[in-house]
2 protein chains.
Amino acid sequence: MPEHDNNIPPGAQALFRGLAVIDAVAQGDASLPAIGARIGCTRSTTHRLAAALVQAGYLRSTPNGYLLGARLIELGFKAREQLPLVKLAQPHLERLSQLTQDTIHLGVREGGDVLYIEKLPGTRGLEMRSRVGLRMPLALTGVGKALMLDLDEAAWHALYEEGLARRAGQPGLREQFTPWDAYRVQMREYAAAGSSFDLEENELGVRCVAAPIRDAGGAIVAALSVTGAIPFMPEARLRDLRPEAIACARAISHELGWNQP
Amino acid sequence: MPEHDNNIPPGAQALFRGLAVIDAVAQGDASLPAIGARIGCTRSTTHRLAAALVQAGYLRSTPNGYLLGARLIELGFKAREQLPLVKLAQPHLERLSQLTQDTIHLGVREGGDVLYIEKLPGTRGLEMRSRVGLRMPLALTGVGKALMLDLDEAAWHALYEEGLARRAGQPGLREQFTPWDAYRVQMREYAAAGSSFDLEENELGVRCVAAPIRDAGGAIVAALSVTGAIPFMPEARLRDLRPEAIACARAISHELGWNQP
DNA sequence: TCGGATGTTTCAATATATGAAATATTATCC
DNA sequence: GGATAATATTTCATATATTGAAACATCCGA
């Protein structure tokens, strides 16, 4: 539920309403009344915007409602190509994948979320829910925590709270999530080590090691993770994988022009 | 270069201009003057729309200009999920891929283009330019021709001309493309056989067999192809692959509720 | 240090998007 | 199958949101 900035910028109400229609459809609203209710517009306005979006290929109109259109598929892949990171990181991720046999993720920060921009499935069978194009709260994933390593504690706390709030209402809710005190201690350790873990906090039965990728200026611009189901990820193996993940991330950082330790 | 219907629908000028900004950026325009020139707006208007799109995550603003934003990655993958076809066809395509070792494509019609919605790379090394999210003129590709099989000759001719016109100005232009008379004869044969070929018309050194996929109403809604580089695709093998491609397409059609011969 | 190009903000004028209401279409129920 | 509700689509007067010009700021390369 990517919360569009609710403050509509001046002079772009119609555009924003149009984009809100796309959002509504992306969230599953298929009928005009449903879309209209979500974006707060009358039937005629909603219809006009939706019709325009269909004409532009951003939506398609099926017998049972509106769906996202083919133009978005096209733009989505083009957008991914415009991230030089994906192409550049590919060979490194492949190598890591073959080395570990596990699932590899690559993600970037997008507001308070991590957005996965690449996933190499891994050869151990077991599939996880993650997919390219999926968003997850930063604070609840290994990749997300790696993206947070350079932030200060105030920012950690804010993202932690935001993540927990977002999780409320989710199906797999675990009532007693790591309390903030313990979380902070962990994050400090991760920051010191230059790599984070995720120990089933995000998805039951799934663990991962993650490491940040830095650009020429040293800023964290992405993170990768090695992820696996519990049977393949005992504590010892996680520790062993850590240097591998860090090394791979560093190699990619190097290609981006980062040369510091 | 997906030509948006130039007739803007009434009451959606601002929305359409915003989408035009996205298009311009997708086509490589990075600066406001470039975008403004393409969409025919003043600097202030262009800036306002672009700024709004950045705020919405549809664009991102980098030191050297605008690029497509992360929101589009997200929506692009979601759009693909909303095509039940992809998920449904997956296992069939996998089987075909393993059987043939070649590259498998799945595409749908989008205006006068074919839009690839799935690609299984194949294990023979040789990579081709095609990618998921890419558009190609219908008339110039194997998948495209399979999507055209049910149309009449007038439609074939229109798409043929459109395809040739589009190709003019492309780098790999082959001056003497199959003339219309020969093309028509080929298409008739394809229509009778329920499967099309592409013999290097689209990309030098690449050949494929394609077959249409039909929905419950018998309408062609997609097509798949088995594609390979010339060394692996002698005439004889192409002929042998034809029944395989047809069978696979038919199996998928069956899942869509199509039961006729 | 300058000059040209690009990015950003302001504001009055009006073209444009808006919602109410009327009409057409489709689905649902008895 | 016919009546009824729900949804889709079109029309149109109104006011509001969008527009472009112009002023201002900022960034480059010379």
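Being a predicted model, the structure only gives us computed values, none of them experimental. Lettering of chains follows the sequences in order, A, B, ..., and the numbering in each one begins at 1.
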Verdict with reasoning, Arg71(A) to Asp23(B), per salt bridge (Lys or Arg N to Asp or Glu O under 4.0 Å): CA-CA 10 Å; Arg71(A) 189 93 238 278; Asp23(B) 279 5; 2.3 Å; yes
Could you walk me through whether Lys145(B) and Met187(B) pass the side-chain contact (heavy atoms from CB on, under 4.5 Å) check? CA-CA 8 Å; Lys145(B) 282 184 271 189; Met187(B) 284 299 292; 3.8 Å; yes
Closer than 4.0 Å, any side-chain N/O of Gln13(A) to the OP1 or OP2 of dT18(C)? yes
Quickly work out the Leu15(A) CG to dT18(C) P distance and round it to whole Å. 11 Å
What residues, two or more places apart in sequence or in another chain, satisfy salt bridge (charged side-chain N to carboxylate O under 4.0 Å, His left out) together with Asp215(B)? none
Step by step, would you call Leu96(B) with Leu120(B) a side-chain contact (heavy atoms from CB on, under 4.5 Å)? CA-CA 10 Å; Leu96(B) 190 59; Leu120(B) 308 183; over 6 Å; no
Classify every nucleotide of nucleotides 4-13 of chain C by which part a protein heavy atom approaches to under 4.0 Å, writing B for the base, S for the sugar-phosphate alone and - for neither, in 5'-to-3' order. --BBSB----
Which residue is it: Lys87(B), His105(B), Gln90(B)? I am looking for the one with a side-chain hydrogen bond (donor to acceptor under 3.5 Å, both in side chains) to Glu118(B).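 Running side-chain hydrogen bond (donor to acceptor under 3.5 Å, both in side chains) over Lys87(B), His105(B), Gln90(B) with Glu118(B) returns exactly one hit, Gln90(B).
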Reading DNA chain D in the 5' to 3' direction, which nucleotide is the first one with an atom under 4.0 Å from a heavy atom of chain B, and which is the last?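 Both ends considered, the range comes out as dT18(D) to dA21(D).
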Side chains of [X] and [Y], heavy atoms from C-beta outward: is any pair under 4.5 Å?
| X | Y | result |
| --- | --- | --- |
| Thr45(A) | Arg48(A) | yes |
| Leu53(A) | Val25(A) | no |
| Arg188(B) | Glu153(B) | yes |

Categorize Ala12(A) for me: base, sugar-phosphate, or nothing, with a 4.0 angstrom heavy-atom threshold over every strand shown.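 Sugar-phosphate, backbone atoms only, no base.
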